[in-house]
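Both backbone and side-chain heavy atoms feed into the values below; hydrogens, waters and symmetry mates do not.
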Amino acid sequence: MNRLAQETSPYLRQHRDNPVDWYPWGDEAFATARSGDKPILLSVGYSACHWCHVMAHESFEDPDVATIMNELFVNIKVDREERPDVDAVYMEAVQAITGRGGWPMTVFLAPDGRPFYGGTYFPKRAHSGMPSFLDVCRAVDETWRTNRDQVLEQAGRLAESIGRLALLEAPDGEGVPGREALDLAYAQLRARFDPDWGGFGPAPKFPQTDSIELLLRAHRRNGSRETLAMVTTTLDAMASGGIYDHLGGGFARYSTDATWLVPHFEKMLYDQALLTRVYLHAWQVTGEARYLQVLTETVDYVLRTLGQPEGGISSAEDADSEGEEGKFYVWHLDEVEELLGTDATAAAEWWGITPEGNFEGATILHRPVRGDLVRPDSIEHARQTLYAAREKRVRPGLDDKVLTEWNALFVSALAEAAGATGRADWLAAAEGTARFLLRELRRDDGRWLRSWQGGRARHLAYAADHAALVDAFIRLSEAGGRAEWVSEARLVADAMLDLFWDEERGGLFTTGRDAEQLITRAKDVLDNATPSANGSAAATLVRLAALTGEDRYREQAEAILRIVAGPLAQHPTAFAHLLQAVDFLASSREVVVTGDRPDLVRAVQERYLPAAVLSWGEPYASPLWDGRDDGRAYVCEQFTCRTPATTVDELVAQLQP
């Protein structure tokens, strides 16, 4: 075993038996590189990454390849999910070098950490225009030995170019973006929309949930059938495609084709969280049972398969099982016929199962009649039979580390869904996960940590972790009416602003002022698979300000908006989550329900009200509660309230756009 055997990351431990002399990221590796005058080979990936496994099997498990790596380099392996700061810095370098990025990421560094060359997956043998990994290693070594000055010059240029987004600042007099930014984002989404299969742009297609949320908000403003059709077309195509698990619920990370049929089969917790929320909102807007079904099945998948007895939720399930991508999920017609007998014909028609298949001779289950998802009893019986049979297969690998940010994202979605559906069990599950995070991932001194596995928590939490936690605690307060969650939200928000705020330019750095200093201190501004830290912070700080009446939270959110106002005006869809803060500021409402009025609370919770906050149950320090305990509902704008509502009809009328 190498040095990775004792790491908390399952991804790192997957490489503990490699003949490569891996180091985890840390001082020891860099000291060894300096003393040996060797460059560093940095390999970044994650446990559910299919091509990470391919490169590992081809190269890192090969003794001959490992011998060359160990001779020429100090080799560092990083889990991008545990160390998003390291991943972000060097991904920016790789994108500058190659024009693209992805995982596995392979970067060559000087001993001081500055990158000078890199790429993504390198095959063991050259093919399809890609050089072999060993050829790359030898070329880097030769250049390092014979042309050191050029290498270090390249490293210097790359280091200077990294982290430019952290230099953004608001020009003098820059205002907060308003509805014009929302209108421009809507126009861009409309132009990029695929009218046939939904989504935005060509394959590969990712579930761009924040873009769909922007369309739902736009529909609330404009009432346009076309706007809603963009949402429903996309959600129906995704839930009918192979990207959705039709037997066990939950979504794969993305589709390799334009029709959402063939995914890379890994299932990530953050996707389940973000898609749970968007299908919830679609159900609230349309009332369509199929969206509630997808929402319910996705939640059930997470709680059943990713949930841990201690209360945390695992990060992901792998794409591969028994060394083959998708083997756990695909079916052959003869298997289905043997299991279902006379019901096999109907099941094969329902899920598109054919003798020739649609994926390497097998069939990825999908729904050929798009949007027709609510199963009749006979098909539901077939689903249960196939699911039970599938459970006897070898499951994909489970990444059982608990990440604060991803757990908080799911807590937010689950709490909101619990309020909207009246599911007390979901609210209990959301609160259980939140209490796990408080117990296991917050140190005694109050400092939050990023990752937990097997009883050990480590790595200082990032700005994104804090922003997601603030939102999770707010959503719990809105769902259950407990004042304690508002108090927790305030504590995390205050810690976030203290540790991460850029006092010179504004906005949040990725890492805290108490964290390890990398070659640059970056800012997470652009949305990716998860909301950017600054976008998430802006969106949740305006909500916290509305609940508590503390203007400083709104002012910090507005400062974030001002520093990105320029690029936001040019590329608004790159800041889709941040635009939720813009939308909230443009049309926010505060709703407080006093006394014991569950009917009024339900009237608010069951509706799609993206620019409203709800306070009820236990009072707490806020202007919303000043002098109010009369069993009525108050709908307010900037804490100026309308006539108190005493009936559901009165309240609903005041909640209209």
Side-chain angles (χ1 to χ4, degrees), residues 176-179 181-182 185-186 208-218 220-221 270 273-274 276-278 280-281 405-406 408-413 415-416 462-478 485-486 489-490 492-493 496-497 500-501 506-508 510 523-548 550-565 567-568 572-590 608-614:
V176 176
R179 290 193 182 277
L182 299 171
Y186 175 74
Q208 297 182 31
T209 52
D210 280 332
S211 294
I212 300 170
E213 292 282 4
L214 283 182
L215 292 178
L216 283 166
R217 288 170 180 253
R220 180 168 170 80
R221 294 192 304 273
Y270 61 76
L274 299 172
T276 289
R277 178 168 276 173
V278 80
L280 166 67
H281 294 163
E405 176 193 6
W406 298 7
L409 289 172
F410 188 73
V411 168
S412 291
E416 189 178 352
Y462 302 97
D465 295 294
H466 287 73
L469 283 165
V470 177
D471 189 66
F473 294 148
I474 287 174
R475 302 292 179 174
L476 284 170
S477 77
E478 292 179 310
W485 297 119
V486 178
R490 282 172 158 155
V492 180
M496 177 177 70
L497 296 173
F500 301 95
W501 191 256
L508 299 170
T510 298
K523 285 180 183 172
D524 180 19
V525 174
L526 300 174
D527 291 328
N528 205 301
T530 55
S532 73
N534 278 276
S536 181
T540 199
L541 285 172
V542 294
R543 293 179 58 81
L544 185 58
L547 282 170
T548 64
E550 294 196 35
D551 288 342
R552 61 192 178 95
Y553 296 133
R554 176 182 50 78
E555 290 165 358
Q556 301 288 73
E558 290 177 345
I560 294 173
L561 293 173
R562 278 193 290 270
I563 67 169
V564 300
L568 177 66
T573 56
F575 304 88
H577 198 85
L578 186 141
L579 284 171
Q580 294 183 25
V582 174
D583 178 67
F584 189 93
L585 289 171
S587 53
S588 64
R589 295 179 187 175
E590 308 93 31
Y608 177 60
L609 301 169
V613 292
L614 170 65

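Nearest heavy atoms, A537 versus L508: CB-CD1, 3.3 Å. Nearest heavy-atom pair across E405 and P531 is OE2-O, 4.4 Å. Considering every non-hydrogen atom in both P572 and A181, the closest pair reads CB-O, 4.1 Å. Counting all heavy atoms, side chain and backbone alike, G507 lies closest to I560 at CA-CG1, 4.0 Å. A468 and S536 make their closest contact through N-OG, 4.1 Å (heavy atoms, listed as atom of the first residue, atom of the second, distance). The heavy-atom pair separating A185 from T573 by the smallest distance is O-CG2, 3.9 Å.
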Checklist entry - Under the side-chain contact (heavy atoms from CB on, under 4.5 Å) criterion, do L526 and S532 qualify, and how do the steps go? => result CA-CA 6 Å; L526 300 174; S532 73; 5.7 Å; no
Next on the checklist: Before you tell me yes or no, could you show the steps for L541 and R554 under side-chain contact (heavy atoms from CB on, under 4.5 Å), namely the whole-Å CA-CA distance, both residues' side-chain angles and the distance that decides it to 0.1 Å?
Outcome noted: CA-CA 6 Å; L541 285 172; R554 176 182 50 78; over 6 Å; no
Checklist entry - Under the side-chain contact (heavy atoms from CB on, under 4.5 Å) criterion, do V613 and E478 qualify, and how do the steps go? => result CA-CA 8 Å; V613 292; E478 292 179 310; 3.6 Å; yes
Checklist entry - Going through the distances and angles, do E416 and L280 end up as a side-chain contact (heavy atoms from CB on, under 4.5 Å)? => result CA-CA 9 Å; E416 189 178 352; L280 166 67; 3.8 Å; yes
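Rounded to the nearest 0.5 Å, atoms CG (D465) and CE (M496) are 11.5 Å apart. Here L497 contributes atom CG and E555 contributes atom CD; the two are 11.5 Å apart, rounded to the nearest 0.5 Å. Atom CZ of R179 sits about 11.0 Å away from atom CG of L585, to the nearest 0.5 Å. Atom-to-atom distance recorded for R543:CZ and D471:CG is 6.5 Å, nearest 0.5 angstrom. Separating the CD atom in Q556 from the CG atom in L561 is a distance of 11.5 Å, to the nearest 0.5 Å. Distance CZ/F473 to OG1/T540: 11.0 Å, rounded to 0.5 Å.
Between N534 and K523 there is a side-chain heavy-atom pair separated by less than 4.5 Å. For the pair R475 and W485, the minimum side-chain heavy-atom distance is 4.5 Å or more. You'll find the side chain of S412 reaches within 4.5 Å of the side chain of R277, heavy atoms only. Residues L579 and L568 have side chains in contact (heavy-atom distance under 4.5 Å, counting atoms from C-beta outward).
With E590 contributing its side chain and A546 its backbone, the two residues share no donor-acceptor pair below 3.5 Å. Listed for the S477 side chain is a donor-acceptor partner under 3.5 Å among the backbone atoms of I474. Of the possible polar contacts, one joining the S587 side chain to the D583 backbone as a donor-acceptor pair under 3.5 Å is found.
Residues R217 and E213 are not paired through a salt bridge, judged by the lack of any N-O separation under 4.0 Å between the basic side chain and the carboxylate.
Remark: the D527 side chain and the H577 side chain contain no N/O donor-acceptor pair separated by less than 3.5 Å.
Taking the six-membered ring for Trp and thresholds of 30 and 60 degrees, W406 and Y270 have ring planes more than 60 degrees apart, a perpendicular arrangement.
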